[in-house]
Amino acid sequence: MRLLLFFVFLLLFAGPCRAGEAGDLDKALARLKNMTENIRTLSCSFRQSTDIPLFSEPAVSEGSLRFRKPDAVAWEYSSPMREGFVLNGGRGFRWEDDKSRRKPFVTGEDPMAGLIAGQLLAWMDFDRARIESRYDIFLENESPITLTLLPRGPDLRSVLGSLQISFDGQGAARRVILNESGGGRTTLDFSAVILNRPVPDAEFD
Amino acid sequence: MAGLAVHAYRRFKARRKRLLAVCAAVVLFCGLSGTRVSLDEDIRALVPSGSPVLDKMLDYAGNAPYLRTLLIALGGEGRDAGAETLVRALKSPEIPEAVFGPGFSPGAAAGLCSLAPSLLGAGRVEDVASLDARGVRKALREDKKLLLGPSGPALRELIAVDPLGLCRKLFADLDLSQAVKPGALTVREGRFTDKSGKYALIVARPAATMTDTAASARVMARLRAAFALLPAGLEHCLSGSYAHSEDNARRIKADLGIVLPLSLALVAGLFLLFLRDRKAWVLFLVPFSSVAVAGFVLYSVSGAASGIVFGFGSVLLGITADYAIHTFYALRGAEDFEDGLEKIGRPLSAGVLTTSAAFAALFFSSIPAIRQVALFGLSGVAAAYAAALFALPHMLYSKSHSNEFECKTPKFLKNRRNLIFQKFAGGRFASAMPIRFLLNANWHYARKDTPEGAKPEPVPPARAGAAKVRAPAPFATFALSFLLVLAIVLCFRSLRFDGDLRNISYTSPERAAEERKMRSILGREDGEPGGAFIVAAGTGSRDESGAGNGLEAALRINEAVWETLKKRGVRVATIAPLLPSGAKQEESRKAWRSFREKRARDVSLFLDEAARAEGFAPDAFAPFKKLIEAESAPVDPQSLKSLGLGFVLDLFLYRDARRSLIYTPLPAGFVPEPDLVAELEKSGATLVSPALFRADIAAAVGDDIFRFCLITLGAILPVVFFLYRSPVRALAVLLPVFSGLAFTLLVFRATGTAVNIFHAAALPLVTALSVDYGIFMQAVLEGELDAAGARGVLLSALTTLAGFGVLLTAGHPALFSLGLAVCGGIVAALLAAFGLQPLLMRER
């Protein structure tokens with residue numbers, strides 16, 4: 001989860017970012033940071049393909065994501081299952097079946113929720129030191145920008161082989177590929193990214 | 001003793017130099033040996049011992065692995081990288097373990113599942129056995145959701161071996177986030193953080209115990225070196241008792257650097273002011289000798305002593321200077337030295353006897369440091385007594401003076417330009433300030449100052465056979481004594497005792513600020529109760545395989561503790577689900593075997609059907625099927641360590657060659673009800689909490705005070721009544737004692753001071769020193785000693801006050817408490833000796 005969400009947000013907020021002409025990593029990351037500073041809200045859809053040895057064939061799931069600075073997020077799957085979670089100001093709930101079953105949580109007490117909040121904040125502040133403490137970042141392609149991230153710590157490496165993030169010709173992130181250590185692969189494709197359009201409070205209640 | 005002193009004086013008259021050379025050699029030898037006494041930096045020397053309950057609690061607290069941890073918070077940009085740097089820098093012989101996360105990987109979780117047959121327990125195995133096709137399908141549907149969800153990558157391996165969610169229930173039981181500081185840690189991205197996520201937390205476990213301050217200093221040095229490697233801008237904060245131990249050791253050393261020289265300077269100054277004699281410097285040799293001999297005895301007996309004992313060295317200087325002073329005045333005022341020794345012998349012996357009684361009473365303290373003070377004090381007093389009676393006369397002897405005594409005022413004191421100095425010094429001192437009142441109060445010997453260098457005035461009436469004999473007025477003496485004793489009894493009954501060790505240990509302002517900061521990071525309130533834990537202990541010899549040492553017994557008790565707490569809804573971190581007792585594991589395996597024989601085939605079929613229906617690969621759950629078929633091995637600490645759970649296990653489990661202790665920390669703020677405590681104790685566990693600890697120490701302090709008073713009074717009263725053979729005279733002698741005690745206790749009561757062990761130790765000292773003033777003053781008032789003897793009493797009280805008074809400059813609360821309590825008592829005793837005793841005297 002930590003990997004997936006982190007890079008989901010990395011990509012989405014990096015959407016408006018354009019690869020610099022020089023194309024070097026520092027410039028690309030500096031530009032990403034500049035872009036995120038102006039983002040207040042985000043809405044998008046995603047399509048996830050999970051191709052892992054446990055499944056007989058790749059499983060496809062779809063859903064949507066909404067975010068509002070500083071710490072409100074709603075992540076939901078619409079297919080094949082109906083479930084998701086909402087987080088707002090350190091508190092939130094998980095839900096299933098059109099929110100008929102809700103389970104509240106507090107980020108400080110729930111490691112998973114805390115993880116999400118932490119990753120969001122890490123991204124919003126574009127804490128490059130924090131990212132680089134966990135990953136070695138490589139610039140695979142200058143135009144469009146494609147980054148590959150290799151986990152540094154043994155704990156993370158035991159789960160994740162590598163991450164690949166691709167941006168479209170306009171500089172908007174479109175695809176994240178998680179290559180798992182055990183041989184699986186998860187691909188996330190984002191679409192209909194809308195930035196800085198007001199997201200009503202009800203979305204996070 | 002006076003006869004012996006006179007006899008010895010006569011005997012060694014012709015061999016003074018040889019005697020003094022031997023004495024010097026002995027003192028030198030003792031002094032050199034005494035310097036080898038090492039500073040015992042274990043703060044357990046300040047904690048009562050001898051009580052089985054307290055000893056047990058202290059032992060458990062000292063060995064509690066999670067209490068021996070250091071928690072470091074790192075805040076600011078780049079804190080995660082900083083945490084990694086710090087962990088690398090900390091790992092050393094002083095700090096063998098340091099982590100920034102639980103290190104519990106998905107692989108370890110899957111490995112733990114392979115131990116499920118031993119860990120699950122019969123109840124959960126039966127739940128699995130009762131699963132039907134619908135139940136298995138439901139479980140796989142949940143698995144698929146998890147695999148597709150954000151946490152999927154971390155769960156692949158676990159779900160392959162545990163598709164039915166058996167082990168996940170085990171993990172739910174084991175709340176690792178409560179393991180180190182209950183309720184304070186959060187695990188995010190495999191790292192420890194505070195609840196807000198703004199601080200990275202590092203948990204380090206030093207090799208040494210926190211009570212060993214020397215080792216604590218090495219741990220702190222390692223920490224400082226590691227902090228120095230952190231990039232600028234990272235804020236760090238430390239929590240753990242090691243810093244406290246280091247603070248205390250530093251404070252005591254700093255105090256000693258001030259207290260000892262200051263005490264010496266004050267005593268020297270007093271000698272100079274009062275004695276005005278070139279030979280007076282030899283008086284210094286008596287307290288010096290006493291400290292040297294006391295150091296030697298301490299070295300011979302224990303080899304090491306608490307810093308408090310070293311601090312007490314200044315007090316010993318002040319106390320033992322008294323004997324030299326009294327002998328000096330007696331010899332100077334006498335016809336010859338034999339006469340002087342004859343006069344001083346009895347009061348000096350009585351004084352030494354009573355002071356020794358006080359120190360002897362301290363031997364019965366439950367505090368090791370106080371017992372060391374007793375040994376130090378007793379040997380020092382004995383040495384000073386011997387030096388004052390047997391060596392000092394020979395040191396003071398001068399051939400050129402008719403009465404053997406050469407009394408010359410130093411030139412600078414004769415200089416008339418030093419008028420101010422003269423006014424307050426020596427013989428003129430008696431006519432200055434309130435001392436004039438004291439010295440001229442109401443006894444005829446002091447009305448006339450002894451001219452400088454001249455022999456003293458009148459021969460005491462009692463000895464001269466004068467018609468009028470002066471004695472204390474019976475009614476006034478009885479009435480005063482009654483009132484003072486009543487005040488003592490009333491105050492004593494209302495004493496409150498302080499069992500909080502924090503109040504007799506030093507916390508620097510920087511440390512206090514850091515603690516406040518850490519409490520804020522961890523989201524704790526000031527004064528919030530916490531730190532309580534339950535210990536399941538098992539004892540037994542380790543067998544050849546290294547197993548045993550009471551682990552099984554401890555595990556069974558721990559299981560009972562967990563069951564009790566679960567029943568009451570208390571959420572705790574415990575190793576009970578990770579490491580069940582052998583009996584419970586066997587029960588679980590038996591149920592598992594039964595499941596394998598009767599139901600495994602069916603469940604396996606259900607699993608295959610559900611897997612096909614939910615889109616899982618045909619061999620997706622091969623690890624689970626393998627688990628069903630395999631014989632499960634018993635789980636022991638070693639097997640958990642091999643799964644990477646060693647750090648977690650070591651937070652809860654302490655083992656040595658003969659016993660195992662399993663700790664269950666209670667949540668911060670949770671105060672167990674008495675019935676819960678009773679239930680826990682019934683199951684064989686022990687609750688250790690700061691509140692209980694404080695209550696037991698307070699009770700130990702109360703017991704100590706009672707013992708001190710009983711023993712001191714039991715020793716002093718017979719001596720005084722035997723010496724004076726008259727209740728009125730004895731009570732008059734005891735008036736300074738009553739006044740000193742009453743004043744000290746009244747101050748405690750008036751200020752609402754809760755009495756700590758060092759206040760308690762002050763009471764016998766006040767008693768013993770005060771009775772000396774009473775004895776000497778009575779000797780002066782009854783003419784046994786001349787008027788200069790009163791000056792001797794004043795000087796001796798001032799040197800004692802100097803000894804204790806310098807403790808008021810100490811920053812360490814233990815030394816300060818002792819100094820404050822004794823000083824108050826001594827001042828009151830001094831006023832009673834100079835004010836009340838003379839007032840009570842009547843001619844008859």
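So that the names make sense, note that chain A is the first sequence line, chain B the second, and so on, each numbered from 1. Any value given below was found using the heavy atoms of this structure, including those in side chains, with hydrogens, waters and symmetry copies removed.
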| field | A617(B) to P53(A) - nearest heavy-atom pair and separation | value | CB-O, 3.3 Å
| said: Show the nearest heavy-atom pair for residues A59(A) and L148(B), with the distance to one decimal. | reply: CB-CD2, 3.6 Å
| Counting only heavy atoms not in R141(B), do more than 12 fall under 6.0 Å of its CZ? | yes
| Looking at NZ of K145(B) and OH of Y77(A), how far apart are the two atoms once the value is rounded to the nearest 0.5 Å? | 12.0 Å
| request: Report the distance from atom CD of E180(A) to atom CD of E157(B), rounding to the nearest 0.5 Å. | output: 11.0 Å
| task | Examine whether an atom of I52(A) lies under 4.5 Å from a heavy atom of chain B, and if so say whether it belongs to the side chain, the backbone or both; otherwise answer neither. | result | side chain
| said: Can you confirm whether more than 12 heavy atoms, excluding those of R137(B), are under 6.0 Å from its CZ atom? | reply: yes
| task | For L147(B) and T50(A), run side chain to side chain contact (heavy atoms under 4.5 Å, CB included): C-alpha distance rounded to whole Å, both residues' side-chain angles, the deciding distance at 0.1 Å, then the answer. | result | CA-CA 8 Å; L147(B) 290 168; T50(A) 308; 5.9 Å; no
| From K144(B) NZ over to M81(A) CE, what is the distance, rounded to the nearest 0.5 angstrom? | 9.0 Å
| query | Given the options P618(B), G615(B), A620(B), which has more heavy-atom pairs under 4.5 Å with chain A than any of the others? | reply | G615(B)
